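What follows is a single structure, written as structure tokens, with notes after it.
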Amino acid sequence: MMNALKNPAHRAWLVLMVATGITWYLGEVGAAGTAAIVAMLVIAFIKGRLVVLDFMELRGAPRLWRTLLEGWLIVVGSLILLAYWISLK
Amino acid sequence: MAIIGDMNTAVATAPEPASPRLPGDLAIWFFILAEMLAFAVFFSSYAFARSADPELFNFYQQTLDRNAGALNTLLLVTGSWFVVLAVQAAHRNDQAAVPRHIALGMLCGAGFLVVKVFEYAEKFGAGISLSTNTFYMFYISLTFFHFMHVILGMVILAVIWTQARKGAYKPGHCNGLESGAAYWHMVDLLWIILFPLVYVMR
């Protein structure tokens, strides 16, 4: 078990499965409002970053490409947050 | 020689132990970037269109099958995981494991498409179309645009599976495999944003 978790891909898969369950659960309980949106965006960022670093294997890639993809996650997440924040006003 | 020396120093100061390497071909990364920019526009269009009428979006979002959306996330994540394992197998020259893991990745992708077809059948059967309202216009166009990317991803996986069966991918010769894998992971990455955005956030 511990040996299997040395593979970053296995670790990433496990976290991605659990994180998907959390987002689904937040939907089931009807979580809404700023705190819920922020929580879901943070979870999506963590998940997206794991895909970029451990599935796309950009952890050891030139900094430019890592920054471009991680930056995409931040920009998209920020725009969604801004739009939801506007809708709550 | 002095220039080469400087470059080595620059590489040595990077935090990664090995020298930086972009998996796959450079071209596929430009393609991925272009696709991601298109989706970034769609995602923010959805979010800002919603801010003009949150009641409508919140109301019709409840008609979506959140379980199907979550199941599809699990399928894409697991499909991506199998494809990483295929790349890892090629790097250690485990020739039998490469096509096997690509096939498992395709199976997950096929599962995604089946779930989505059932979801669409239910919605279209209820008479819902692009012109029903703004929410459904976004729901159908966003998920269908992504659906087509899953299909393209499956075609790419089929190509690398055929190559892998011929033993085309060996340590140091994995560019084609890694390029196809990177595209498949992008499809996963996009759904990771799309699912909470369209199915859950309210």
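Note that this is a predicted model, so its numbers are computed, not measured. Proteins come first, then strands; the chains are lettered A, B, ... in the order of their sequence lines, and each starts at number 1.
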Interchain contact, [X] with chain A, by part (heavy-atom threshold 4.5 Å):
| X | answer |
| --- | --- |
| B:A40 | both |
| B:V87 | side chain |
| B:D53 | neither |
| B:V84 | side chain |
| B:F195 | side chain |
| B:Q61 | neither |
| B:Y46 | side chain |

Is there side-chain contact between [X] and [Y], with at least one heavy-atom pair below 4.5 Å?
| X | Y | value |
| --- | --- | --- |
| A:Y25 | B:V200 | no |
| B:L189 | A:R49 | no |
| B:L85 | A:H10 | yes |
| A:R63 | B:P20 | no |
| A:E57 | B:R21 | no |
| B:L74 | A:L16 | no |
| B:Y199 | A:T23 | no |

request  = Determine, step by step, whether A:W65 and B:F30 satisfy the ring pair (Phe, Tyr, Trp, His ring centres under 6.0 Å) criterion, reporting the C-alpha distance in whole Å, the side-chain angles of both residues, the deciding distance to 0.1 Å, and the verdict.
outcome  = CA-CA 10 Å; A:W65 285 97; B:F30 280 109; 5.2 Å; yes
Spacing of [X] atom [atom1] and [Y] atom [atom2] [to the nearest 0.5 Å]:
| X | Y | atom1 | atom2 | answer |
| --- | --- | --- | --- | --- |
| B:M36 | A:L69 | CE | CG | 4.0 Å |
| B:S51 | A:I86 | OG | CD1 | 5.0 Å |
| A:L64 | B:W29 | CG | CH2 | 11.5 Å |
| B:I192 | A:T20 | CD1 | OG1 | 6.5 Å |
| A:F55 | B:F82 | CZ | CZ | 10.5 Å |
| A:L58 | B:H185 | CG | NE2 | 9.5 Å |

ask   = Who among B:S44, B:P196, B:P23, B:P54 has the most heavy-atom pairs with chain A under 4.5 Å?
value =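 Looking at each of B:S44, B:P196, B:P23, B:P54 in turn, B:P23 comes out on top.
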request  = Go through B:L33, B:D188, B:T78 and name the one with the most non-hydrogen pairs under 4.5 angstrom from chain A.
outcome  =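 Maximum pair count with chain A is reached by B:T78.
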inquiry  = Between B:R202 and A:I37, is the side chain to side chain contact (heavy atoms under 4.5 Å, CB included) condition met? List the steps.
reply    = CA-CA 7 Å; B:R202 50 190 302 107; A:I37 301 303; 6.0 Å; no
message = Just checking B:F59: does its CZ atom have more than 12 heavy atoms from other residues, nucleotides or ligands closer to it than 6.0 angstrom?
response =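 Counting other residues, nucleotides and ligands, CZ of B:F59 stays at 12 neighbours or fewer.
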inquiry  = Main chain of A:G27, side chain of B:R66: is a donor-acceptor contact present, judged purely on distance under 3.5 Å?
reply    =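 Between the backbone of A:G27 and the side chain of B:R66 there is a qualifying donor-acceptor contact (under 3.5 Å).
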Quick check on [X] against chain B: is it the side chain, the backbone, both or neither that has a heavy atom closer than 4.5 Å?
| X | value |
| --- | --- |
| A:L73 | side chain |
| A:V75 | neither |
| A:A44 | both |
| A:A19 | neither |
| A:D54 | backbone |

What are the two closest non-hydrogen atoms of [X] and [Y], and how far apart are they?
| X | Y | result |
| --- | --- | --- |
| A:M56 | B:A182 | CE-O, 3.7 Å |
| A:W13 | B:V77 | CD1-CG1, 3.8 Å |
| B:L37 | A:W72 | N-NE1, 4.1 Å |

Trace of the side chain to side chain contact (heavy atoms under 4.5 Å, CB included) decision for B:I193 with A:K47 = CA-CA 9 Å; B:I193 305 293; A:K47 290 170 78 178; over 6 Å; no
